[in-house]
Amino acid sequence: MYKKIYLDAPNIGELEKQYLCKAIDSGYISTIGPFVPEFDKCFASYLGVKKAVSVQSGTAALHITLHELAVEKGDEVIVPALTFIATVNPIIYVGATPVFVDVDIETWNIDPKEIEKSITEKTRAIIPVHLYGNPCNMDEILDVAKRYNLSVIEDATESLGATYKGKFTGTFGDMGCFSFNGNKTITTGGGGMVVGNDGQHMDHIQYLINQARDKSDETYHSEIGFNYRMTNIEASLGLAQMQRLEEFLAKKRLIYNTYKEELKGLNNVCFQKEYEGASSSCWLTCITIEDCIPIREVQKKLHERGIPTRRVFTPIHELPPYKEYNSLNCNNSHLIYEKGICLPSSTLNTKDDIQYVCEVLKELIS
């Protein structure tokens, strides 16, 4: 009998308890306290950027970044059709229009050629998503952005620790956005982060997330701000998790490699492909399965054996709120969704757990 297998559960231990107790004992558990600036500095140092500003979620990070770059009504923002809906909702929050383009069938990431096809005089920004931790082709994306004078906001919410040609995801564009939701590689329970090298933009974001409150007079607000600050107690958890990040990344890669090794004989199984020079954070190991029973049936049978899974994201333009918006030919996104499945990838799982998942999977799809 195998122990419980986890899809994407967080890995919380004694170190995290110690940090949480420090935060509680300090009396600073809300939005004031020493752990927030310490977490920001730690995160910026890890990525090698000038500044990081912690916020309440990855969604908040994307929203405040779009706001800071003055993306507004009448503007268009190019996004991949295959992503989590939180990538796209902030575009609506600022009044702009999302334009959905297809992904590469092998990497599952936004296709630079499709980006260029979708650019109009209204296009202001591109949001590449490093899907499931797999880095995008940033060279080609940045080349397109430079030629058309477009901002690039990286949705790195799933890719902390991933690299492209030796540089961390989230550090290529104008700004990068991260998430620390409970299922991410590191967690603060919720929370997110904006990172960047433009000091003026980053300082302004830090001002805006605190309700645009004047430092010299906390009752004075010079513009409309946001209540997007991270709490001290969340930041304390983040600091503990950052100390274990390399441990988590190594475990995620071990899980991915175990799946690759155990399932390599199955011709109907395909993994996300990494671009040359890229190294995924392997946040979730995901596959497509050809010529087998429907994915929902695969999920059901795995669940009966104690194995949790998740469908690949539904292409956003197929969801009710976004059916009216522009989308070019997005066949690849639909095919990946129809055949794709996310496998147990929590760092709480052992290699034996992953091998068990593979045994059951092979029984079902061989």
Side-chain angles (χ1 to χ4, degrees), residues 1-9 80-85 100 102-111 114 129-134 158 183 251-275 278 280-319 327 329-366:
M1 173 67 74
Y2 283 81
K3 69 177 179 65
K4 182 176 175 63
I5 293 174
Y6 300 91
L7 177 65
D8 53 8
L82 190 66
T83 184
F84 183 46
I85 198 169
F100 300 106
D102 207 6
V103 298
D104 176 78
I105 193 65
E106 293 186 324
T107 65
W108 305 12
N109 283 332
I110 193 166
D111 187 334
E114 298 301 318
V129 180
H130 306 293
L131 198 68
Y132 298 119
N134 193 33
E158 301 167 2
N183 63 357
K251 185 66 177 289
K252 292 280 190 181
R253 178 59 70 168
L254 172 65
I255 289 168
Y256 173 81
N257 287 337
T258 302
Y259 279 122
K260 287 273 283 189
E261 179 64 25
E262 295 292 327
L263 300 177
K264 67 181 179 182
L266 299 178
N267 295 327
N268 58 340
V269 170
C270 291
F271 290 77
Q272 273 183 285
K273 182 180 177 181
E274 294 170 314
Y275 285 107
S280 175
S281 65
C282 304
W283 171 55
L284 289 182
T285 295
C286 307
I287 59 173
T288 55
I289 308 171
E290 303 280 346
D291 305 320
C292 75
I293 58 178
I295 287 297
R296 290 198 184 280
E297 190 65 20
V298 174
Q299 284 187 285
K300 179 183 175 184
K301 292 183 179 296
L302 288 171
H303 179 74
E304 290 169 355
R305 303 283 290 273
I307 299 169
T309 59
R310 178 184 298 156
R311 290 291 298 275
V312 168
F313 297 127
T314 303
I316 305 299
H317 65 287
E318 297 180 13
L319 297 173
S327 59
N329 186 345
C330 294
N331 288 342
N332 289 345
S333 299
H334 184 77
L335 286 171
I336 293 166
Y337 165 70
E338 285 293 319
K339 300 176 181 179
I341 189 170
C342 305
L343 301 173
S345 303
S346 170
T347 55
L348 294 174
N349 296 323
T350 66
K351 186 174 181 178
D352 286 346
D353 295 330
I354 303 306
Q355 289 173 329
Y356 168 68
V357 173
C358 292
E359 289 171 13
V360 176
L361 196 55
K362 284 187 279 189
E363 288 177 20
L364 295 176
I365 66 177
S366 295

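Source: prediction; values computed, not measured.
In this structure, the side chain of Asp102 does not engage the main chain of Asp111 through any donor-acceptor pair within 3.5 Å. Without hydrogens or angle criteria, Asn134 side chain to Lys273 main chain gives a donor-acceptor distance under 3.5 Å. Within the 3.5 Å criterion, the main-chain N or O of Trp108 finds no donor-acceptor partner in the side chain of Asn332. Asn268 places a side-chain N or O within 3.5 Å of a backbone atom of Ile365 that can act as its donor or acceptor partner.
Contact record, Val103 with Ile336: CG2-CD1, 3.8 Å, taken as the closest heavy-atom pair.
For the pair Ile110/Leu131, no side-chain contact is recorded, criterion being any heavy-atom separation below 4.5 Å from C-beta on. Taking 4.5 Å as the limit, every side-chain heavy atom of Asp353 sits out of range of all side-chain heavy atoms of Tyr6. Here the side chains of Gln355 and Asp352 are in contact, with some heavy-atom distance below 4.5 Å. The side-chain heavy atoms of Glu359 and Glu262, taken from C-beta on, include no pair separated by under 4.5 Å. The closest side-chain heavy-atom distance from Arg310 to Asn183 is below 4.5 Å.
A 6.0 Å sphere centred on NZ of Lys362 holds more than 12 heavy atoms belonging to other residues, nucleotides or ligands.
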In a table with atom names and distances, give each donor-acceptor pair under 3.5 Å that connects a side chain of residues 251-260 to protein atoms at least two apart or in another chain.
residue : atom : partner : partner atom : Å
Lys251  : NZ   : Thr347  : O            : 2.9
Lys251  : NZ   : Asn349  : O            : 2.6
Lys252  : NZ   : Trp283  : O            : 2.9
Lys252  : NZ   : Ser345  : O            : 3.0
Arg253  : NH2  : Glu274  : OE2          : 3.0
Arg253  : NH2  : Ser279  : OG           : 3.3
Arg253  : NH2  : Ser280  : O            : 3.1
Asn257  : ND2  : Arg253  : O            : 3.4
Thr258  : OG1  : Leu254  : O            : 2.7
Tyr259  : OH   : Pro344  : O            : 2.7

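Considering Leu302, Val312, Thr288 in turn, Leu302 is the only one that fulfils the side-chain contact (heavy atoms from CB on, under 4.5 Å) rule with Ile341.
Contact check on Glu261 versus Lys264 returns a salt bridge, with a Lys/Arg side-chain nitrogen under 4.0 Å from an Asp/Glu carboxylate oxygen.
Here Glu318 pairs with nothing under the salt bridge (Lys or Arg N to Asp or Glu O under 4.0 Å) rule; sequence neighbours left out.
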